[in-house]
Amino acid sequence: QLQASGGGLVQAGGSLRLTCAASGRTFSSYGMGWFRQAPGKEREFVAAISWSGVNTYYSESVKGRFTISRDNAKNTVTLQMNSLKPEDTAVYYCARSRVGVSSAWFGAFRSVNEYDYWGQGTQVTVSS
């Protein structure tokens with residue numbers, strides 16, 4: 001089970017920190033991702049982190065502004081969002097990779113189909 005929190009309303013240029021808390025003892029064996037979905041749009045990839053935390057990936061639209069990290073001892077993954085823009089407004093979802101430790105994840109982490117467990121979503125609204 002995944003529980004996302006930390007969303008809210010912020011002005012452009014501001015920051016928010018999203019946290020995803022996972023239950024279970026195998027958290028450290030799975031890649032994790034953050035996705036977002038704006039009204040009328042498809043869910044899109046935002047960031048991903050490998051099971052060890054060594055490898056991180058970002059969409060071009062958030063690179064340099066967002067940072068993904070994880071704490072395997074606490075079963076959490078965090079998305080630090082800085083320099084927020086109105087176009088970042090969306091519901092943000094955390095998700096767990098469908099497979100465990102696997103090199104195949106590195107070629108598929110941008111796809112929603114790569115993830116089988118999803119958090120409930122947290123709303124992020126950035127005002128101009």
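Reckoned from all heavy atoms, side chains included, excluding hydrogens, waters and symmetry mates. Since this is a predicted model, take the numbers as computed values, not measurements. The chain is numbered in sequence order, starting from 1.
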Got a donor-acceptor contact below 3.5 angstrom from the [X] side chain to the [Y] backbone?
| X | Y | value |
| --- | --- | --- |
| Ser128 | Pro86 | no |
| Arg17 | Met81 | no |
| Gln120 | Ala4 | yes |
| Ser29 | Gly100 | no |
| Arg110 | Val46 | no |
| Arg65 | Ser83 | yes |
| Thr125 | Leu9 | no |
| Asn75 | Gly24 | yes |

Side-chain heavy-atom pair [X], [Y] within 4.5 angstrom cut-off:
| X | Y | value |
| --- | --- | --- |
| Thr89 | Gln123 | yes |
| Trp118 | Phe35 | yes |
| Trp51 | Ser28 | no |
| Thr78 | Arg70 | no |
| Val62 | Arg36 | yes |
| Ser50 | Phe109 | no |
| Arg98 | Tyr115 | no |
| Thr19 | Gln3 | no |

If you compare all heavy atoms of [X] against all heavy atoms of [Y], which two are closest, and at what distance to 0.1 Å?
| X | Y | answer |
| --- | --- | --- |
| Trp34 | Cys20 | CZ2-CB, 3.7 Å |
| Ala22 | Phe27 | CB-CD1, 3.5 Å |
| Lys63 | Glu60 | NZ-OE2, 2.8 Å |
| Met32 | Val77 | CE-CG1, 4.1 Å |

Quiz item: Do other residues, nucleotides or ligands put more than 12 heavy atoms under 6.0 Å from Tyr57 OH?
Solution: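 Result for OH/Tyr57: enclosed.
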Quiz item: Does Arg96 count as lying over the ring of Tyr117, i.e. NZ or CZ under 6.0 Å from the six-ring centre, within 45 degrees of the axis?
Solution: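 Here Arg96 fails the 6.0 Å and 45° test against Tyr117.
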Membership question, hydrophobic clusters at under 4.5 Å side-chain separation (ILVMFWY): are [Y] and [X] in the same one?
| X | Y | value |
| --- | --- | --- |
| Tyr92 | Val112 | no |
| Val10 | Leu79 | yes |
| Val126 | Phe66 | yes |

Quiz item: Any side-chain donor paired with an acceptor under 3.5 Å for Asp71 and Thr76?
Solution: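 No donor-acceptor contact under 3.5 Å links the two side chains.
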Exercise. Verify side-chain contact (heavy atoms from CB on, under 4.5 Å) between Gln80 and Ser15, making sure each step is shown before the conclusion.
Key: CA-CA 8 Å; Gln80 177 66 43; Ser15 298; 4.0 Å; yes
Quiz item: How many angstroms lie between CZ in Phe45 and OH in Tyr58, if you round to the nearest 0.5 Å?
Solution: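 The OH atom of Tyr58 is 9.0 Å from CZ of Phe45, to the nearest 0.5 Å.
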Practice problem: Look up atom CG in Leu2 and atom OG in Ser23, then write down how far apart they are to the nearest 0.5 Å. | Solution: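 Reported to 0.5 Å precision, the distance equals 7.0 Å.
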Quiz item: Pick from Asp88, Leu84, Thr122: which one makes a side-chain contact (heavy atoms from CB on, under 4.5 Å) with Leu16?
Solution: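 Result for side-chain contact (heavy atoms from CB on, under 4.5 Å) with Leu16: Leu84.
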Practice problem: Begin from the C-alpha positions of Ser97 and Glu114 and carry the test side-chain hydrogen bond (donor to acceptor under 3.5 Å, both in side chains) through to its verdict. | Solution: CA-CA 6 Å; Ser97 174; Glu114 173 61 21; 3.0 Å; yes
